[in-house]
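Throughout, numbering of the chain's residues begins at 1 and tracks the sequence. First listed ligand is number 1; within each ligand, the first listed atom is number 1. Computed from a predicted structure; not experimentally measured. Worth knowing before you read on, the calculation uses all heavy atoms, side chains too, and leaves out hydrogens, waters and symmetry mates.
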Amino acid sequence: MPDQLLRVDGVYQSYGDEEVLKGISFDMDRQDVQVLVGPSGSGKSTMLRCINRLTEIDDGDILLDGQSVYEMDADDLRREVGMVFQDFNLFAHLTAEQNVSLGLRRVRGFSKQEASERATAELERVGLADQADSYPAELSGGQQQRVGIARALAMDPKLMLFDEPTSALDPELIGEVLEVMRELAEEGMTMLVVTHEMGFARQAATDIMFLEDGRLVEHGPPEQLFERPENERTASFLSRLTQLHGGQ
Ligand SMILES: Nc1ncnc2c1ncn2[C@@H]1O[C@H](COP(=O)(O)OP(=O)(O)OP(=O)(O)O)[C@@H](O)[C@H]1O
Ligand SMILES: [Mg+2]
């Protein structure tokens, strides 16, 4: 299966006595855009954290390009799996360009000049060419999040993970971040996205997964989950999300 990029195979995870993921399995091919939805506490962030090994699993395996992430060098894994967080996680004392350059120098061994050129190109890609010298405090939340995306893209990841990338943003700033994500999807980036934005899910997702209490309740293309969900709970959850977050 040359097209398969990610295989999540029977993953169980717990924090202490609390079992969070209860046997999760799914695959992603290259260029897939998987949207993961589910109630608060269902395990969405934990699932993403297991993929880039911010959290250990109890059972099962996670394969990236056929190799268990538990057998990969941690730096290689961080380079190959980009992560974008809800709260941006930028360094306040560094400019946009320096925030993007940092990983290029530390993780990829670029020279200062090479890192600066690549960072400028990535900022351009997310529409921020003219903000390269701004500090995070001088940028809107939407701009800060786009710097976060540029920083992840600079690593040339095989897979991008997004954990509610627009949840901390004022409504009028959500669209510009979703637009960058749509462009990435069109360019063929493989993306696993936790989001409440159902407009994005309908348009950009190849598949939607509904997670509830640590189990995948339903999994399929957007047409199926929105129009012909097999499970009653999927139907009511998606219709509620669409009422709240259907716009963009
Ligand atoms: N570091 C941690 N230590 C202990 N328990 C945790 C930790 N992180 C998450 N949990 C627990 O694991 C469960 C799943 O949390 P998780 O953050 O994965 O859910 P989520 O689906 O991302 O929720 P939300 O929509 O609120 O972001 C919750 O019960 C949570 O309290
Ligand atoms: Mg979460």
(message) Check Asp65 with Lys158, please: is the shortest side-chain N to carboxylate O separation under 4.0 Å?
(response) yes
(message) Under a 4.0 Å threshold between the charged nitrogen and the carboxylate oxygen, would Glu19 count as salt-bridged to Lys22?
(response) no
Tell me the protein heavy atom at minimum distance from [atom], and give that distance in Å.
| atom | answer |
| --- | --- |
| atom 1 (N) of ligand 1 | Tyr15 CE2, 3.7 Å |
| atom 17 (O) of ligand 1 | Ser45 CB, 3.8 Å |
| atom 29 (O) of ligand 1 | Glu18 OE2, 2.8 Å |
| atom 26 (O) of ligand 1 | Ser40 OG, 2.6 Å |
| atom 12 (O) of ligand 1 | Val20 CG2, 3.3 Å |
| atom 15 (O) of ligand 1 | Thr46 OG1, 3.8 Å |

(message) For ligand 1, which is the ligand I care about here, please tell me if Gly38 has any N or O atom under 3.5 Å from one of the ligand's N or O atoms.
(response)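 In this structure, Gly38 places no N or O atom under 3.5 Å from an N or O of ligand 1.
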(request) Please indicate whether any nitrogen or oxygen in Gly41 is less than 3.5 Å from any nitrogen or oxygen in ligand 1. (result)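 Yes: some nitrogen or oxygen of Gly41 is under 3.5 Å from one in ligand 1.
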(request) Keeping the roles fixed (side chain from Lys44, backbone from Pro39), state whether a donor-acceptor pair exists under 3.5 Å. (result) yes
(message) For the backbone of Val180 and the side chain of Glu183, can you confirm whether one donor and one acceptor N or O come within less than 3.5 Å of each other?
(response)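 No; judged by distance alone, with no hydrogens or angles, the pair does not exist.
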Within the structure, is a non-hydrogen atom of [X] found at a distance of less than 4.0 Å from ligand 1?
| X | answer |
| --- | --- |
| Met47 | no |
| Gly16 | no |
| Arg49 | no |

(request) State which residue, out of Arg79, Arg78, Arg118, fulfils the salt bridge (charged side-chain N to carboxylate O under 4.0 Å, His left out) condition with Asp156. (result)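 Running salt bridge (charged side-chain N to carboxylate O under 4.0 Å, His left out) over Arg79, Arg78, Arg118 with Asp156 returns exactly one hit, Arg118.
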(message) Under the salt bridge (charged side-chain N to carboxylate O under 4.0 Å, His left out) test against Arg202, which residue among Glu223, Glu197, Glu227 passes?
(response) Glu227
(message) Could you work out, for atom 25 (O) of ligand 1, the closest of Gln13, His196, Lys44 by heavy-atom distance?
(response) Lys44
Should you measure from each heavy atom of [X], which atoms of ligand 1 turn up under 4.0 Å away?
| X | value |
| --- | --- |
| Gly43 | 14 (C), 18 (O), 19 (O), 20 (P), 21 (O) |
| Pro39 | 21 (O) |
| Glu164 | 25 (O), 27 (O) |

(message) Grouping I, L, V, M, F, W and Y whenever their side-chain heavy atoms are under 4.5 Å apart, do Leu159 and Met155 come out in a common cluster?
(response)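 Per the 4.5 Å side-chain linkage, Leu159 and Met155 are not co-clustered.
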(message) If I take every N, O or S atom of Ser45, is at least one of them less than 2.8 Å from the Mg ion (ligand 2)?
(response) yes
(message) So, taking the atom named CG in Leu139 and the one named OG1 in Thr95, what distance separates them when rounded to the nearest 0.5 Å?
(response) 9.5 Å
(message) Take a 6.0 Å sphere around CZ of Phe91 and say whether it holds more than 12 heavy atoms from other residues, nucleotides or ligands.
(response)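 No, CZ of Phe91 has 12 or fewer neighbouring heavy atoms, counting only those of other groups under 6.0 Å.
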(message) Side chains of Ser42 and Asp213 only: does a donor on one sit below 3.5 Å from an acceptor on the other?
(response)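 No pair is found: no donor N or O on one side chain lies under 3.5 Å from an acceptor on the other.
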